[in-house]
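Numbering of ligands and ligand atoms starts at 1, following listing order.
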Amino acid sequence: MESKLIISKRFEISEIDPRIYGSFIEHMGRAVYEGIYQPGHPSANEQGFRQDVIELVKELNIPLIRYPGGNFLSGYNWEDGVGPKEQRPKRLDLAWRSLETNEVGMHEFANWIELIDSQINMAVNLGTRGIDEARNLVEYCNFEGGTYWSEQRKQHGQEKPFGIKTWCLGNEMDGPWQIGHKTADEYGRLAEEAGKAMKLVDDSIELVLCGSSSSHMPTFGDWELTVLDHAYDQIDYLSLHQYYGNPDDDLENYLARSLDMEEFIQGVVAICDSVKAKKHSKKQINLSFDEWNIWYHSNEHDEQVKPWQVAPPLLEDHYNFEDALLLGCLLITLLKHSDRVKIACLAQLVNVIAPIMTEAEGKAWRQTIFYPFMHVSNYGRGTVLTPIIDAPTYKTKDFDAVPYLETIAVLNKEKNEVIIFAVNRGKETMKFSVETTDFAIKKIIEFTEMTDFDIKETNTADKERVKPKYSDRYEVTDGGLSIELAPLSWNMIRCE
Ligand code: AHR
């Protein structure tokens, strides 16, 4: 099988906003407690944060982390998580029917974020709460001093403002499962007014409005039109959430799921632009794909979990090799739409549908999906080049024409590197040629691939078998490349 990618340095999709490599930590399951925070664990630092987890998170080079939820957010009182720990209340978390001890809150999370050299994408509760609590939180976090909430922050040990730039107006407010679920009109008005008050406190912040919790929601489309109609002038981004799975065990169809993501993005862009046109607005709303991942392995297990525990094991999907391949396709899709997707959060980061897992009594380890994310987040920095792709296609249950090849090229002008990411969805070796129109590739710096595993192979704490290796199956030809993509493979090719 043969395929071709043609690129030119002059034809660009967009510069990449690094926040596209964001992630997400929710107060649920073992994400916070026994995940990032576990005082008493041999690797814990003085503050109780696991350093083995910090090391793995750093490998992923994540510039932004959404916090503190998720469904948890819609019943959360942020004030419970500040002030002396011993005075913090233990609460019912109604979203996950667990117990929240509030040992970790705003200050602790901000400390952890500093340790991993990232930024917070803060979310305000618009489920059970409203404008007042939202504007107070902005004052607490971002106001210099001399007011009630900014002085409270100082008393709690943080002299300088946290300076949080990106804020989410609630979570999945279209979902009937959400605490304080609202109609689009109810939410649109609330978000508009909460956003207005928040920006009056600090006009440098950026706001994310809740879009649909999946493209398959019955209200999809109408929801976006209505909430944008209300809040367009206050907000900067509209959110998208989507999780994928392979419950029918249909590999060809599963690996095509990134086409679904593509359609979702294109649809939401069209809706944003239609509202822009209707309002004669000069402002463009961009997208925050602030929850995306694979989530289905843990569903059955989670039905048996007893309620009202602290940090119960929830949503602990164990990812296999086919999941890593799809994750690679999803990352490439986000890059292809980097002109409009400016924020994206892999949901989530530790233990809960996560690339990183921890053993309570043992070590932290990398799941299969860790690697494609690590490659793209570390090397997919710069400008996405417009790809012209020629590849054969196949048909599946849900998709008429699925290219065997999924690929994109990124130009890193600072390092003078071109980085190509590619997935071979097919079961045969693919001859992949890269043609350049206005520059010559001199050499390959690195060709890394993930291939040759059983499609259902997973990693465990003891054995991280599914991982990348180097390949030498390439040739630099006439300023271009001739590469052999292994059957069912994830690939990263860095060239000069
Ligand atoms: O990420 C897990 C959950 O998925 C989040 O809490 C919620 O926002 C979504 O439904």
Practice item. Consider every N or O of His241 and every N or O of ligand 1, then say whether any pair is closer than 3.5 Å. Key: no
Review point. Under a 4.0 Å heavy-atom limit, does Ile353 contact ligand 1 with its side chain, its backbone, both, or neither?
Key: side chain
Practice item. Report the nearest protein non-hydrogen atom to atom 6 (O) of ligand 1: residue, atom name, distance rounded to 0.1 Å. Key: Glu26 OE1, 2.6 Å
**Study point:** Side chains of Asn491 and Ser489, donor plus acceptor under 3.5 Å
**Key:** yes
Check your understanding: Does a side chain donor of either Ser298 or Asp317 reach within less than 3.5 Å of an acceptor in the other side chain?
Key -> yes
Point to revise | From CA spacing to verdict: side chain to side chain contact (heavy atoms under 4.5 Å, CB included), Glu449, Trp490 | key: CA-CA 6 Å; Glu449 63 178 6; Trp490 160 253; over 6 Å; no
Check your understanding: Asp80 and salt bridge (Lys or Arg N to Asp or Glu O under 4.0 Å): which partner among Arg129, Arg91, Lys90?
Key -> Arg91
Check your understanding: How are the rings of Phe264 and Phe289 set relative to one another: parallel (under 30°), tilted (30 to 60°) or perpendicular (over 60°)?
Key -> perpendicular
Review point. Quick one: do Arg465 and Glu457 make a salt bridge, cutoff under 4.0 Å?
Key: yes
Point to revise | Interfacing atoms of ligand 1 (cut-off 4.0 Å, heavy-atom, Trp96) | key: 3 (C), 6 (O)
Check your understanding: Looking at His181 versus Trp223, is the centre-to-centre ring distance below 6.0 Å?
Key -> no
Study note, to complete from the structure: among protein heavy atoms, the one nearest atom 10 (O) of ligand 1 is Glu172 OE1, 2.7 Å
Study note, to complete from the structure: Of all protein heavy atoms, the one nearest atom 1 (O) of ligand 1 is Tyr243 OH, 2.8 Å
**Study point:** atom 9 (C) of ligand 1 - nearest protein heavy atom and its distance
**Key:** Glu291 OE1, 3.0 Å
Review point. Got an N/O contact under 3.5 Å between Asn71 and ligand 1?
Key: yes
Point to revise | Sub-4.0 Å atoms of ligand 1 with respect to non-hydrogen atoms of Trp295 | key: 2 (C), 3 (C), 4 (O)
Exercise for review: Could you tell me the residue and atom name of the protein heavy atom closest to atom 2 (C) of ligand 1, and the distance to it rounded to 0.1 Å?
Suggested key: Gln348 NE2, 3.5 Å
Review point. Would a line drawn from the ring center of His107 to the ring center of Phe162 be shorter than 6.0 Å?
Key: yes
Point to revise | Interfacing atoms of ligand 1 (cut-off 4.0 Å, heavy-atom, Gly70) | key: 5 (C), 6 (O), 8 (O)
